[in-house]
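Here is the structure we will look at, set down as structure tokens.
Note that the numbering runs from 1 along the sequence shown for the chain. Numbering of ligands and ligand atoms starts at 1, following listing order. The analysis underlying the following values was restricted to heavy atoms, covering all of them including side chains, and did not include hydrogens, waters or symmetry mates.
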Amino acid sequence: MTKYPHLIDGVEVSGKSQKSQPIINPSTEQILGYVPLANQEDVNQAVRAALDAFPLWADTPPAVRAKILFKWRQLIDDHLDELAHLISSEHGKSKVEAVGSIQRGADVLEFACGIPSALKGEFSSNVGRQVDSYSIRQPVGVVATITPFNFPAMIPLWIGSVAIACGNTIVLKPSERTPSAALFLAKLALKAGLPKGVLNILHGAKDAVNGLLTHPNVAAVSFVGQTSTAKYVQETAIAHGKRVQAFGGAKNHALVMPDADMDSTVDAILGAAYGSAGERCMAISVAVAVGDKTADTLIEKLSPKIKALKIDAPTNADAEMGPLITKEHHAKVHAFIDTGIKEGAALLIDGRDLCVGKTGYFLGGCLFDHVKTDMEIYQNEIFGPVLCIVRVQSYEEGLNLINNHAYANGVAIFTRDGDSARDFCHRIQVGMVGVNVPIPVPVGFHSFGGWKDSVFADHGMHGMEGVRFFTKLKTITSRWPSGIRQGVEFSLPTVE
Ligand code: NAD
């Protein structure tokens, strides 16, 4: 059975650790191979490779780095189907979702290709007599990148392409549940001409993460995963003196106003709640309906479409939704559904009895009505195909309810009224806001990031926020006195 290699210093290696774990196809339950779980020795080897590669790469002109990134972008396009297949077989995503997620990752790589312009500094001439001042951005060093299972190519590209473009070198630890896409991408990067050691792939779980978080030669950590892990990563990285950004979980609301175009709202919510089996950090998991009539219409139009969802393995090209990632996660989502029933929510559509074949962690679309804010199914991220409907009687009540939730990644309002939409955009306490757009994931040249318990970071991902996180600002003040002597100054220089 295949044992997946690490990729360190441009070479595939099996690592020193004897520990490994099976990668299971969630549709067939077949073991696809074994992923090694790195130990401290493996971590040290990967960080060493990144550290050795850093000086030359940091000194490589940004335009030269960009040329390599352009080639990498092209190779990803050339290998789109293979990459999508890897993602679908390990994650269970439908092919169309896998392809879409690669393309959203490649969007950020395209932004990174423009790095010479993004790294342009500022220059002020004559800030004092014969004194000029300018600022430049320089790479931070070795970056540890730790990514989640649900976007095995997109998130490594969102973080990795910007970090590399800025002149850093990376140790990327992909999710141990979906490790192949990152390895595949790194091999394409090598083929595109990325020097060895600039992008290293280290497989593993908690031990590998701890090894990276505490390693003295890791300068910065960029993490994406559950909120509990994100908090831990942030605290540990800070305790070890590192720059860190950690993106966590979510509970994304859609506020449906009585004047919304209900047919397009229903289509938007259907895709956002059940696409990728609800395993997206920007999935809509709560629909807040303003008025009982709005809630009733939403349910009436949504229900037949949920029941008609085409749920199957990604090998079926027509599949709209695949299985959940693991048996354990499947059981966890089931348990949330049981809890919701016990808490008194009305389970209008029960996907638990769905039978696709003899195998796989499939779960049908579920719909809860009359969900209350003190229920566990409302407060927690379920990360499955479960949509909760909460009924409110006014716009103001809906706005306050959303603002009181601990998570604040994404949100959307569905309305035809410009006043409500504008007010919502200004007063909502959430990082990414959609107006009649269900999944407002910013494009590559803007930046991604939630608020509150969805993020533990001062800078967002990609766009200029990514550039700021992956670079240090240096400001240089220089005097070329052209023969004029200033004399001794004992006071702090001022502009006279
Ligand atoms: P996870 O937190 O279980 O794992 C993420 C990474 O952390 C993996 O590489 C894993 O190996 C590592 N890890 C897991 N437990 C650890 C521990 N105790 N100590 C150290 N490292 C640990 O997350 P997941 O289940 O892979 O991904 C799903 C979660 O990610 C969801 O909560 C989702 O909302 C979130 N997510 C957030 C964003 C965002 O941008 N905010 C994007 C995608 C996913």
Counting heavy atoms under 4.0 Å, the part of Thr147 that contacts ligand 1 is backbone
| request: Applying ring pair (Phe, Tyr, Trp, His ring centres under 6.0 Å), run through His462 and Phe445 and close with a yes or a no. | output: CA-CA 7 Å; His462 62 71; Phe445 43 93; 9.4 Å; no
Counting heavy atoms under 4.0 Å, the part of Asn409 that contacts ligand 1 is side chain
re atom 3 (O) of ligand 1, the protein heavy-atom contact at minimum distance is Gln226 NE2, 3.0 Å
Atom 17 (C) of ligand 1: of Thr229, Thr236, Asn252, the nearest heavy atom sits on Thr229
So the salt bridge (Lys or Arg N to Asp or Glu O under 4.0 Å) pairs with at least one residue in residues 424-433 (sequence neighbours excluded) are Glu396-Arg427, Asp423-Arg427
With no hydrogens and no angle check, do the side chains of Ser222 and Gln245 hold a donor and an acceptor under 3.5 Å apart? yes
CD1 (Ile389) and CG (Leu302) are apart, to the nearest 0.5 Å, by 6.0 Å
So is Glu279 touching ligand 1 or not, going by heavy atoms under 4.0 Å?
no
Note: heavy atom closest to atom 39 (C) of ligand 1, options Ser228, Cys281, Ala208, belongs to Cys281
Step by step, work out the side-chain hydrogen bond (donor to acceptor under 3.5 Å, both in side chains) result for Ser276 and Lys93.
-> CA-CA 6 Å; Ser276 200; Lys93 273 182 202 291; 3.3 Å; yes
The protein heavy atom nearest to atom 19 (N) of ligand 1 is Lys206 CG, 3.3 Å
Per-atom filter on ligand 1: closer than 4.0 angstrom to a heavy atom of Val209 are 20 (C), 21 (N)
Nearest non-hydrogen protein atom to atom 40 (O) of ligand 1, with distance, is Phe448 CE2, 3.0 Å
protein heavy-atom neighbour closest to atom 11 (O) of ligand 1 works out as Glu176 OE1, 2.6 Å
for atom 34 (O) of ligand 1, nearest protein heavy atom and its distance come out as Glu381 OE2, 2.6 Å
Check: of Ser454, Ala250, Gly248, min heavy-atom distance to atom 41 (N) of ligand 1 comes from Gly248
Would you say Ile155 touches ligand 1, if touching means a heavy atom closer than 4.0 Å?
yes
Any side-chain donor-acceptor pair under 3.5 Å between Asn44 and Gln40? yes
From the list His91, His85, Glu90, side chain to side chain donor-acceptor pair (under 3.5 Å) with Ser180 holds only for Glu90
Short check: is a protein heavy atom less than 4.0 Å from atom 23 (O) of ligand 1?
yes
* State, without any angle test, whether Tyr232 and Asn210 hold a side-chain donor-acceptor pair at a distance under 3.5 Å. => yes
Checking heavy-atom distances from atom 35 (C) of ligand 1 to each of Gly410, Pro152, Pro148, Gly225, the winner is Gly225
Heavy-atom nearest pair, Glu176 first then Val35, reads O-CG1, 3.5 Å
re atom 26 (O) of ligand 1, the protein heavy-atom contact at minimum distance is Phe149 N, 3.0 Å
Numbered in order shown, the ligand 1 atoms found under 4.0 Å of a heavy atom of Asn150 are 43 (C), 44 (C)
Kindly say whether the aromatic ring centers of Phe362 and His330 come within a distance under 6.0 Å. no
Out of Phe223, Phe151, Phe383, the nearest non-hydrogen contact to atom 7 (O) of ligand 1 is supplied by Phe223
Q) For Glu29, does the CD atom sit with more than 12 other heavy atoms under 6.0 Å from it, leaving out its own atoms? A) yes
One finds that the ligand 1 atoms under 4.0 Å from a non-hydrogen atom of Val224 are 5 (C), 36 (N), 37 (C), 38 (C), 39 (C), 40 (O), 42 (C), 43 (C), 44 (C)
- Message: Taking atom NZ as the centre, does Lys327 end up with more than 12 heavy-atom neighbours from other residues, nucleotides or ligands that are less than 6.0 angstrom away?
- Response: no
Any non-hydrogen atom of Arg280 lying under 4.0 Å from ligand 1? no
Could you tell me whether some N/O pair between Arg177 and ligand 1 is separated by less than 3.5 angstrom? yes
For Met461, the ligand 1 atoms with a heavy-atom partner under 4.0 Å come out as 40 (O)
So the atoms of ligand 1 within less than 4.0 Å of a heavy atom of Ile146 turn out to be 6 (C), 7 (O), 9 (O)
query = Strictly under 4.0 Å, does any heavy atom of Gly450 approach an atom of ligand 1?
reply = no
One should read off an interatomic distance between Leu109 CG and Trp158 CH2, to the nearest 0.5 angstrom, of 14.0 Å
Query raised in the report: Taking the six-membered ring for Trp, is the centroid-to-centroid distance between Tyr407 and His253 below 6.0 Å?
Result: no
